[in-house]
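Worksheet: the structure to be examined is printed underneath.
Atoms within each ligand, like the ligands themselves, are counted from 1 in listed order. Values in this document were obtained by computation on a predicted structure and should not be read as measured data.
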Amino acid sequence: MRQALYTPGLGYYSAGMRKFGAEGDFVTAPEISPLFAQCIARQCQQVLANFDTGVILEFGAGSGIMAIDLLQALTELDCLPTRYFILEVSADLQQQQREMFQTKAPQFLHLVEWLQKLPTEPMQGIVLANEVLDAMPVQKFRVQEDSIAEFCVTHDSNSFVWHEQITKNEALEETVKSLNLPINYVSEINLALSAWLQSIADILAAGMVLLIDYGFPSTEFYHPQRNQGTLMCHYRHHSHIEPLILVGLQDITAHVDFTAVAEAAQDAKLHVVGYTTQAKFLLACGLADILFSLNPDDKQHYLPKAQQAKTLILPSEMGELFKVMALTQNLDIPLLGFSQDERIRL
Ligand SMILES: C[S@@+](CC[C@H](N)C(=O)[O-])C[C@H]1O[C@@H](n2cnc3c(N)ncnc32)[C@H](O)[C@@H]1O
C-alpha cells in the first residue's frame with residue numbers, strides 16, 4: 001500500500017494526476033464546499049485565541065483548497081495564525097498545492113511553509129488532518145487458529161497476487177491477538193498510528209489536534225459481520241475492493257478505528273477531549289448560521305451552498321460515517337465543535 005500510493009513518480013499520490021473532485025477519483029469535504037473550512041475556522045479561532053503566536057500545521061493538504069479556504073475564513077474572523085505549515089508526503093501534491101496558492105491565493109503565500117518533516121521546534125496551535133489517517137498504509141491480516149497471518153503481495157506471470165504467511169511482526173501479532181477476533185477474520189490495522197501521534201505530541205507544546213475521517217469505534221470496526229475488513233479502492237468515482245489492480249492509478253484506503261486512535265493518543269499523553277460525527281461538529285461550529293447569513297433569494301448562490309451543506313451533514317452522505325476527534329495538550333477549554341453533543345461512545 002505504501003509503494004502503491006507513495007512511490008515517487010509512480011505511486012497514486014505521487015504521480016501527477018487529478019485525484020480530487022469531479023474529474024478525479026473521489027471527492028473530499030473541502031472539495032465539496034468552502035463551508036467545511038469555514039466551520040473549521042471557527043473552531044480554530046477559539047483555539048488560536050489562547051496563543052500570541054499560534055500556528056496551524058496541516059497534514060496531507062490534498063489539492064490545497066482547505067488551506068486556502070481556512071486562511072480566507074480566518075482572515076474574515078481576524079485571527080490568522082502566524083504560520084501555516086503544510087506537511088505533505090507527496091512531492092507532486094506539494095507542487096500542486098503551491099500552484100493552487102499562486103493562482104488562487106497569493107496573498108497568503110508569505111504565511112505558508114511546506115515541510116518535509118515535522119518541525120523540530122515545539123509549536124503552539126493546531127494540527128489538522130482531514131482524510132489523512134485513511135490514506136496511511138495498513139497491514140491486512142487473517143486470524144488463524146494459533147497464529148496471525150499477514151497478507152503479502154507477490155506476482156505470478158502478469159499480475160499481482162496475495163500471499164498469506166504467518167507473521168513475524170510482533171507488533172501485528174500482539175495487537176491482533178488482543179482484539180480477540182474469531183478464526184478466519186480478515187481485517188487491517190495501521191501499525192504506524194502510535195508513532196505518528198507520538199511525533200505530534202512531541203512537538204505540540206500546547207494546542208489541539210483535529211482529526212477528521214471516515215471510520216468507527218473498534219466495536220464497529222471489528223464487528224463480526226465486517227469480517228473482510230474495510231480496505232477500499234477508488235478509481236474515477238467507482239469504489240471496489242481489489243487493491244492489486246490499477247496499481248498506482250487508483251486510491252487505496254481503509255476506514256479508521258477511532259478507538260485505536262484514542263488509545264494511541266492517550267499513550268502519547270494527549271487528551272482525548274472530543275469525538276463526534278462530522279454533522280454534529282459542523283453544526284456546533286455554526287454551519288447553519290453561516291448558511292442563514294446568505295441571502296436565500298439569491299438562488300444562484302444560495303441553492304448550491306444549501307446542497308453542499310446537505311452533502312456534508314446528511315446521515316446518508318458524509319454526516320455520520322465521518323467522525324471528528326479532538327486531542328489536546330496543555331489546553332483546557334471546552335471546544336466549540338463538541339459543545340452540542342454528548343460524546344458518542346468509543
Ligand atoms: C485522501 S487525501 C486527503 C487530502 C485533503 N486533506 C482533503 O481532504 O482533500 C490524503 C492526503 O494525505 C497525504 N498523506 C498521507 N499520509 C501522510 C502522512 N503521513 N503525512 C503527511 N501527508 C500524508 C496524501 O499525500 C494526501 O495529500
Side-chain angles (χ1 to χ4, degrees), residues 1-37 39-40 56-70 84-101 113-119 126-138 190-200 203 209-215 230-235 237 239 248 250-256 261 264 278 281-282 308 311-312 318 321-324:
M1 185 167 172
R2 182 182 310 284
Q3 291 185 351
L5 295 184
Y6 301 108
T7 303
L10 292 172
Y12 176 72
Y13 281 109
S14 311
M17 284 175 323
R18 188 91 173 90
K19 296 156 186 59
F20 312 100
E23 299 145 40
D25 300 297
F26 56 87
V27 184
T28 60
E31 303 287 333
I32 289 169
S33 177
L35 290 167
F36 183 72
C39 291
I40 292 181
I56 295 180
L57 189 160
E58 184 184 353
F59 273 88
S63 71
I65 192 69
M66 182 165 101
I68 292 176
D69 287 339
L70 193 56
Y84 194 101
F85 297 115
I86 294 181
L87 204 169
E88 170 58 69
V89 279
S90 157
D92 175 63
L93 282 178
Q94 269 195 33
Q95 184 53 30
Q96 287 186 33
Q97 291 155 13
R98 273 180 221 275
E99 286 165 14
M100 176 81 111
F101 265 95
E113 191 177 325
W114 279 267
L115 305 175
Q116 308 300 329
K117 53 186 175 53
L118 279 170
I126 296 158
V127 175
L128 293 176
N130 185 61
E131 287 207 41
V132 174
L133 286 169
D134 73 74
M136 287 187 178
V138 289
N190 175 356
L191 291 170
L193 182 63
S194 294
W196 186 71
L197 280 171
Q198 185 64 59
S199 66
I200 294 172
I203 55 121
V209 183
L210 201 64
L211 305 172
I212 308 165
D213 228 304
Y214 46 94
T230 69
L231 208 61
M232 290 289 296
C233 305
H234 300 281
Y235 183 68
H237 298 276
S239 302
Q250 64 178 1
D251 188 24
I252 310 174
T253 113
H255 285 47
V256 174
V261 178
Q278 175 168 299
F281 176 82
L282 295 178
Q308 293 161 11
T311 309
L312 294 175
M318 301 180 84
L321 177 60
F322 282 73
K323 312 291 190 309
V324 185

Atoms of ligand 1 under 4.0 Å from any heavy atom of Phe59, numbered from 1 in the order shown, are 20 (N), 21 (C)

min-distance protein heavy atom vs atom 3 (C) of ligand 1 -> Glu131 O, 3.5 Å

With a cutoff of 4.0 Å, is Glu88 in contact with ligand 1, counting heavy atoms of the residue only? yes

What is the closest protein heavy atom to atom 17 (C) of ligand 1, and at what distance does it sit? Val89 CG2, 3.7 Å

Heavy-atom donor-acceptor pair, Ser90 side chain to Leu93 backbone, under 3.5 Å: yes

Side-chain (Thr230) to main-chain (His255) donor-acceptor, under 3.5 angstrom: yes

Under the side chain to side chain donor-acceptor pair (under 3.5 Å) test, residues paired with Tyr235 that sit two or more places apart: none

Short N or O distance, Gly60 and ligand 1, threshold 3.5 Å exclusive: yes

Residues at least two apart in sequence or cross-chain that pass side-chain contact (heavy atoms from CB on, under 4.5 Å) with Ala61, listed by chain then number, are Glu58, Ile86, Gln97

Numbering the atoms of ligand 1 from 1, which are under 4.0 Å from a heavy atom of Gly62? 4 (C), 5 (C), 27 (O)

Within the side chain of Asp25, is there an N or O that forms a donor-acceptor pair under 3.5 Å with the backbone of His237? no

Regarding ligand 1, does Asn130 bring an N or O atom to under 3.5 Å of one of the ligand's N or O atoms? yes

Can you tell me the protein heavy atom closest to atom 21 (C) of ligand 1 and the distance? Leu87 O, 3.3 Å

How about Met66 and Ile40: do any of their side-chain heavy atoms sit closer than 4.5 Å? yes

Does the separation of the ring centres of Trp114 and Phe85 fall below 6.0 angstrom? no

Check: Thr28 N/O within less than 3.5 Å of ligand 1 N/O: yes

If we ignore hydrogens and angles and just use 3.5 Å, is the side chain of Lys117 paired with the main-chain N or O of Leu115 as donor and acceptor? no

Would you call the rings of Tyr6 and Tyr13 parallel, tilted or perpendicular if under 30° counts as parallel and over 60° as perpendicular? parallel

Using a strict cut-off of 4.0 Å, indicate which atoms of ligand 1 neighbour a heavy atom of Ala135. 10 (C)

Measure Leu93 to ligand 1 on non-hydrogen atoms and call it side chain, backbone, both or neither using the 4.0 Å cut-off. side chain

Protein heavy-atom partner closest to atom 16 (N) of ligand 1 - residue, atom, separation in Å: Tyr6 OH, 3.6 Å

Nearest non-hydrogen protein atom to atom 19 (N) of ligand 1, with distance, is Met136 CE, 4.0 Å

